[in-house]
Amino acid sequence: MGPKRGYWRENPASSNFIRCPNQDACIGYTTGDYDEFMSATGLCAEGYDGKLCFQCAEGFAKDKNSNCIDCDNNVKYWVLTGFAIAIAIGMFYYFARKNIKEMNS
């Protein structure tokens with residue numbers, strides 16, 4: 001037996017069950033799929049990992065609400081990243097050109 005949904009514990013011998021900060025991230029001791037996947041400490045939902053399922057798994061990142069989202073399939077993430085890179089390149093070009101003009105004056 002293990003923790004219920006929304007809870008986690010440090011190790012199988014512990015009787016101290018801790019409420020997860022993000023209760024949706026901690027799915028309990030079983031996935032519910034015929035008890036195929038069980039964990040005495042508790043399982044994390046997809047995209048979550050670590051103690052209290054508080055960290056994001058590899059390939060996932062936290063959004064503004066501290067939910068772990070898939071980086072590969074997040075169009076908003078890639079659009080914002082592209083926009084930030086374009087701004088950085090534009091600023092570099094602007095300041096480089098400005099410095100060249102000042103040096104030639």
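Taking the side-chain contact (heavy atoms from CB on, under 4.5 Å) definition, one finds that N65 meets it with D63, N67, sequence neighbours left out. With sequence neighbours excluded, the residues that form a side chain to side chain donor-acceptor pair (under 3.5 Å) with T41 are S39.
For the pair K62/F54, a side-chain contact is recorded, criterion being any heavy-atom separation below 4.5 Å from C-beta on.
Separation of atoms SG (C26) and CZ (R9) is listed at 13.0 Å; rounding is to 0.5 Å. Here F60 contributes atom CZ and D70 contributes atom CG; the two are 4.5 Å apart, rounded to the nearest 0.5 Å. For the atom pair CD (Q23) and OH (Y7), the distance works out to 6.0 Å, reported to the nearest 0.5 Å. Between atom CG of residue N104 and atom CD of residue E102 there is a gap of 10.5 Å, rounded to the nearest 0.5 Å.
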Walk me through it: do I87 and I89 pass the test side chain to side chain contact (heavy atoms under 4.5 Å, CB included)?
CA-CA 5 Å; I87 288 175; I89 290 171; over 6 Å; no
Under 3.5 Å, which donor-acceptor pairs do the side chains of residues 43-53 form with other protein atoms, sequence neighbours left out?
residue : atom : partner : partner atom : Å
Y48     : OH   : N22     : ND2          : 3.4
Y48     : OH   : C68     : N            : 3.1
K51     : NZ   : E10     : OE2          : 3.4

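Transitive grouping of hydrophobic side chains (ILVMFWY, heavy atoms separated by less than 4.5 Å) keeps Y94 and I85 in distinct clusters.
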